[in-house]
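Worksheet: the structure to be examined is printed underneath.
Computed from a prediction, not measured in an experiment: that's the story for all the values here. Chain naming here is simple, since letters A, B, ... match the order of the sequence lines and numbering starts at 1 in each. Atoms considered below: every heavy atom in the structure, side chains included; atoms not considered: hydrogens, waters and symmetry mates.
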Amino acid sequence: MTAQTLTNDKNSLSWLALIGARLDGWTVSVLVVACIAAVPIITVIGLAIAPTEDIWRHLLDTVLSRYIRTTLVLMIGVGFGTFVIGTGTAWIVTMCNFPAKRIFQWALLLPMAVPAYVIAYVYTDLLEYSGPLQNSLRDAFAWQTKGEYWFPEIRSIGGAATMMTMVLYPYVYLLARSAFLEQSVCVLEASRTLGHGPWRGFFKVALPMARPAIAVGVSLVMMETLNDFGTVDFFAVATFTAGIFDVWLNMNSPSGAAQLASILLLFVGVLVTLERVGRRGRKFHNTSTRLRKLPGYQLNGLVKWVAFTAMSIPVITGFVVPAWVLGRYAVDYYANTLETSFWENVGNSLMLSALAGVIAVSIGIVLAYGLRLGQNRGIRFLTRFAALGYAVPGAVLGIGIIVALGWIDNAIDGVMKNNFGIATGLILSGTIAAVTFGYVTRFLSLSFGTLDAGLAKITTNMDGAARTLGLSRFSTLKRVHVPLMRGSILTAGLLVFVDCMKELPMTMILRPFNFETLATFVHQYASDEMLPEASLAALSIVGAGIIPVILLSRTMIMKNKPTSGDGK
Amino acid sequence: MLTKTTNYMKYSGHGAAFFAVVMGALLSPLTANNAHGAGANGPVNLYSYRQSFLMAPLLEEFTRETGIKVNAVYAKKGILQRLKAEGANSPADVVLAADITRIDAIAGEGLLQPVTSKLLEENIGPSYRHPDNLWFGLTYRARVIFTHKERIRPGEIKTYEDLANPLFKGRICMRSGKHEYNISLLASVINALGSEKAEKWVSGVKENLARRPQGNDRAQVRAIFEGECDIAIGNSYYLGKMLTNEAKPDEKKWASAVNIIFPNQPDNGNGENSTLGRGAHVNISAAGITKSAKHAVEAKLLLEFLASDKAQQIYAAQNFEYPLKKDVSLHPIVASWGSFKPDEQRLIDIAALHDSAARMMDRVGFNH
Amino acid sequence: MSGLEMNRIRHAFGNDMVLDDVSLVAGPGKLTCLLGPSGCGKTTLLRLAAGLESLQQGQVAIQGVTVADGASGFSVAPEKRDVGLMFQDYALFPHLNVFENIAFGIENLSPERRQWIKDSLEHMGLSHHTYNYPHTLSGGQQQRVALLRALAPEPGVLLLDEPFSGLDVTRRAQVREEALTFLKQSGVAVMMVTHDPEEAMFMADHIVIMNEGRVVQAGTPVQTYFHPVSAFVTELFGPVNRCRGTVTDGQAKTQLGTFDAPGFENGTEIVVMLRPEAILISPSGEDVPAKKGTHFISGRVDSTHPLGSSSHLHIIIDDGNGGEQVLHVRTPGISLPAVGSSVNVSADMTNAFIFPAD
């Protein structure tokens, strides 16, 4: 690799050559976009470099080991739980015939629409000592006090892991299911003719083949677990993220918090690598075998009802129960909620989430296509780095943004004042642009990952064909890739949209004056144990989350059409 | 030629208009877009740690009286960081905090300006405002002990110190030890007893907990009602709110099950000047004007309003807090609890011990 | 010089040298075949010509204009090179119908070009699929659409990457023939990559044979088939029979007779390569009008495989060292000697290729 096509002045751009980049419009766009998206994370790391008194001593002596232990336990617990439930349901729904199978195919995705903090509020309401369940148990058995019986404590690490598992398993389900659907039927049939029954076929053939996709799903789940604040805060579980907030707010040490956050980034680095390895494998495994009718094991008698019940549990616990509880409260309290600026909050949430979705998708396309054009290690790293925002706790990222935007605004203001006598004030800080910027940097990896995977499915010969037919790189993107990726673009946009609807801590810190979203509204009440007042808004977030879930499952079912010939 | 131009205009015109609209929408801080113009009746921009449903009635009243609009950002976290980052260009004029620690930290960062106002100084006593008038307390509340009406005999618990008595093992409920309210309480104990004794005390309380610290103060009262524990620590106003909660009659039921105890009162043998008779720990909500305030005049008006009879009345009536202005009548329910001696240690000293208290909570592993 | 000219191309992927000093010319109106086993670098060469791979060393010129120069880093973007490229997997755009696919690269879709598309589709027997989407077409139909799409912008050079490999054997011959006629009519310079020697023989005006990143022989189909320069080239066109021998006075004696081996030094170990059709057989005991110097040995028929127009036989002979050797023999017709019967075997001396033994 000696000769590089450096068309411009070589010296001034030697740093580009250093990372092995070729200077052209796309490289520059990717670099600029990735750098801008990386600003908040770089700021956090910058903050971490500032010296902090004796915080570390204290942390090491007291809570650090607990943070790490709790975080690991939670991640492993949720990772394992989602793996078992996600993979198990995906396999049964894909391969077995049992009652209501077609409903379960999409219904199993529904819990995805429920934010973890909402399900935590709901189940605490139901399961705590003073909740209806324990109350009726006490009534039924005539127990008087707590000491007379044992009941699991919902506000515990186990409770937190359960709550998160209940709403996060669909990530694994989604990816495992499409992996199972993509698997060559012939391989599974071969395994059957070689004398492997359904169980052995699953463990020996299907599971190993779907491993990369499942790894991607589990690592996504773990990242969500890592950056969760609402649930662990409510349950007082001392995870790393909770610790960051504690150091920042209670010990008033932003740099100490940033240092903890930087350690958290190491965790994330491991997960991202895991995910990359998964994806790499995935590419390798993707065969172009035509989809055919999957063999489908017919379940009979008792077994089919066992399957039915097993599939019902995640749907009921993860969706039906919270929706029912919220719905019941909403019926009683909707009037109170509507008295507030509810519709305005709905409008704000929709507008911000849609805007962030569009921008995140546009940027995601630029990054993914830019990387496709120039396979370059330096830029690749920068892009991955910029997409780390997903795993950083929202509030930490929010601080990074506040500090960065404040610095930029004041710098511009200073320059304008000194040179032109114009005070520009704060241009970006405390505007919707700041919130949108926060959303985009936080959820960029969702859109980038989806689009990157979508793009990878298009053979590079398409690019070659379009280019040799006279199209520039941009026109190729516009006329070939974008139309071909429509599904991925929609998915990416919707994923970002839903996550923005749920986003809480960053919105609170970054928002402009007099600005509420559904999530901040829900949090304001629910965190103060006024769940009924928040129920309508919480239900709205869940409702908004259902739309993409339905769309996702529709595309899955469409994909499934040629395979499952089980009629109308 | 003409048509060609028009077509072109039409095309690019759409794009430009769209761009302008989007940029405009993105960059306007919504209704605060005239935040930079300093007019006599300009708006006041407020950053508030206190929640919107507490503040909204007061702010509406202020606007009704003065015609000055109030723009607000409510956040439980990060206001200090935001103020710091925004620096001299911050649009915020007034900062409102729910406790002494937060407001004092903001003052400590040099983000507040001294306010000269006769009215404020008259209405708010010196122990409830910053020595340089950087911030003013607006209301206070006591961190009290709730006990079950039957399961705890009257006089069985009289002080915070009693909570560490092994007699009450497995009978106390509390919210998270890392919550501001509890950290402030511990800071006041450190201030009164010294570090060593305070740490012993908090360990003792931890030993007596019936369950892991969790929920808010209302949930502790409920837990007493449900029989999960007999004793709880909470802010006084919660009881008033629960007793009058028409929307959720359950809460009335819970609240009726408990007695309210103002700890460390100088009676029953505790001397006026003894530590045991030092008074109940109180905390304040407070407000100050930022150094960068563009609407300092209006900001001062807002502060003065919040310290006025009318606003103090609203605080007392709607939020069951104790007004800091003398002679403002209490809510009848609050009044029925009787008067009490507040712990007169300087709040600013307690704020200074905040860090030590937070670390002490970690050391004893209060939440685990 | 018009057409495609590639000069002294070197290319490496990491440390892996895939093209080592390759030069070639594909003239206008001619079909040039790049023939070689998979992995010999021929597809990379094609992609370099199209500009899809950035050139490291050497020059590429199209229609007499340099489009890429490794030394200066100069490179014309693929879309400006006036080349058409047809991919092995056709790479038809799945979201566009047949007409849109073909029209994709036409900058200005004039009525004439529209007509051309219509006519070409007609010519290819695809007119009733004009508005169908690619996935509804058979492999052969997709192949023809891909070809038309590459030709539609009227490129100066057309590059074809294994264009027929996706088709089943029965369709291949027919599609090949149609394509050839069509290409010849268009007059474009064509460079085609293939690993199928029969295809190369059938289609090419000029064959460039590559092995391990180098050109090993270039010439007309007749030249490369009948005058291979190495054992590799000889074997590329199909299985051969090998006989070993040692040169004495310009002659090499083998189990199949003595072959002229001019230019070899005495004592050189050589191998004589005979294609299946260069082994002649006649029934044992029958009088054959023997040419001068023809050497007959006796063999036994091991198996016979009638293939229709010709037959393939396995004949076992004495390998001269006390062992046996199986000869592959192709004879015209299907009247075959019985299995197990004895035959006389001789070699067609004029069709024997002699190379030093490896």
Side-chain angles (χ1 to χ4, degrees), chain A residues 1-10 13 16-17 20-27 286-288 290-291 372-377 454 457-489 558-559 561-562, chain C residues 10-15 43 46-47 49-58 68-96 100-108 135 146 149-155 157-159 161:
Chain A
M1 292 293 287
T2 45
Q4 289 292 355
T5 325
L6 279 176
T7 39
N8 291 38
D9 182 2
K10 284 184 183 176
L13 295 159
L16 270 176
R22 287 193 293 149
L23 188 78
D24 56 40
W26 277 102
T27 315
N286 235 345
T287 54
S288 57
R290 285 246 168 180
L291 295 171
R372 184 183 176 93
L373 292 176
Q375 303 281 330
N376 173 296
R377 210 171 276 181
K457 285 194 190 127
I458 301 173
T459 149
T460 47
N461 283 352
M462 291 286 171
D463 305 48
R467 297 296 301 284
T468 54
L469 287 168
L471 259 61
S472 67
R473 289 184 288 196
F474 180 73
S475 316
T476 305
L477 175 65
K478 204 174 82 181
R479 286 182 59 190
V480 178
H481 294 108
V482 169
L484 284 179
M485 292 200 300
R486 225 172 313 163
S488 306
I489 290 174
M558 300 257 276
K559 235 171 151 185
K561 273 260 160 70
Chain C
R10 282 171 194 272
H11 198 82
F13 292 122
N15 290 328
T43 296
L46 207 69
R47 293 178 62 85
L52 297 176
E53 208 73 56
S54 61
L55 189 64
Q56 293 166 359
Q57 277 185 55
D69 188 343
S72 67
F74 170 75
S75 176
V76 173
E79 63 266 28
K80 304 210 170 82
R81 283 199 179 186
D82 194 23
V83 295
L85 172 56
M86 189 189 138
F87 291 88
Q88 189 171 3
D89 61 1
Y90 315 138
L92 293 177
F93 302 124
H95 61 299
L96 302 178
E100 289 166 337
N101 259 288
I102 297 172
F104 189 88
I106 301 175
E107 215 161 293
N108 180 16
H135 66 272
R149 185 180 68 175
L151 276 171
E154 301 178 275
V157 174
L158 180 64
L159 308 167
D161 187 6

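- Contact annotation for C:L159: neither backbone nor side-chain heavy atoms come within less than 4.5 Å of a heavy atom of chain A.
- Residue A:T459 touches chain C through its side chain alone, counting heavy-atom pairs closer than 4.5 Å.
- One distance of note links CG of A:L469 with CD1 of C:I102; it measures 11.0 Å at 0.5 Å rounding.
- For C:A150, the part lying under 4.5 angstrom from a heavy atom of chain A is the backbone only.
- Looking at C:L85, the atoms closer than 4.5 Å to chain A (heavy atoms on both sides) sit in the backbone and in the side chain alike.
- The distance from the CG atom of C:L52 to the CG atom of A:D463 is 8.5 Å, given to the nearest 0.5 Å.
- For the residue pair A:P483 and C:H95, the shortest heavy atom distance occurs at CB-CD2, 3.3 Å.
- How far CZ of A:R479 is from CZ of C:F93: 8.0 Å, rounded to the nearest 0.5 Å.
- Annotation: maximal heavy-atom pairing with chain A below 4.5 Å, among C:G51, C:P78, C:G84, C:A146, occurs at C:P78.
- For chain A, the option among C:A50, C:P155, C:A91 with the highest count of heavy-atom pairs below 4.5 Å is C:A91.
- With a 6.0 Å radius and a threshold of 12 heavy atoms from other residues, nucleotides or ligands, C:F13 has its CZ atom above the threshold.
- With values rounded to the nearest 0.5 angstrom, C:D161 atom CG is found 7.5 Å from A:N461 atom CG.
- Here the closest heavy-atom approach between residue C:P94 and residue A:M462 is recorded as CD-CE, 3.7 Å.
- The CZ atom of C:R47 sits 10.0 Å away from the OG1 atom of A:T468 when rounded to the nearest 0.5 Å.
- Annotation for A:R467 and C:A77: closest pair NH2-CB, 3.8 Å, computed over non-hydrogen atoms.
- The CG atom of A:L471 sits 9.0 Å away from atom CD of C:E107, with the distance rounded to the nearest 0.5 Å.
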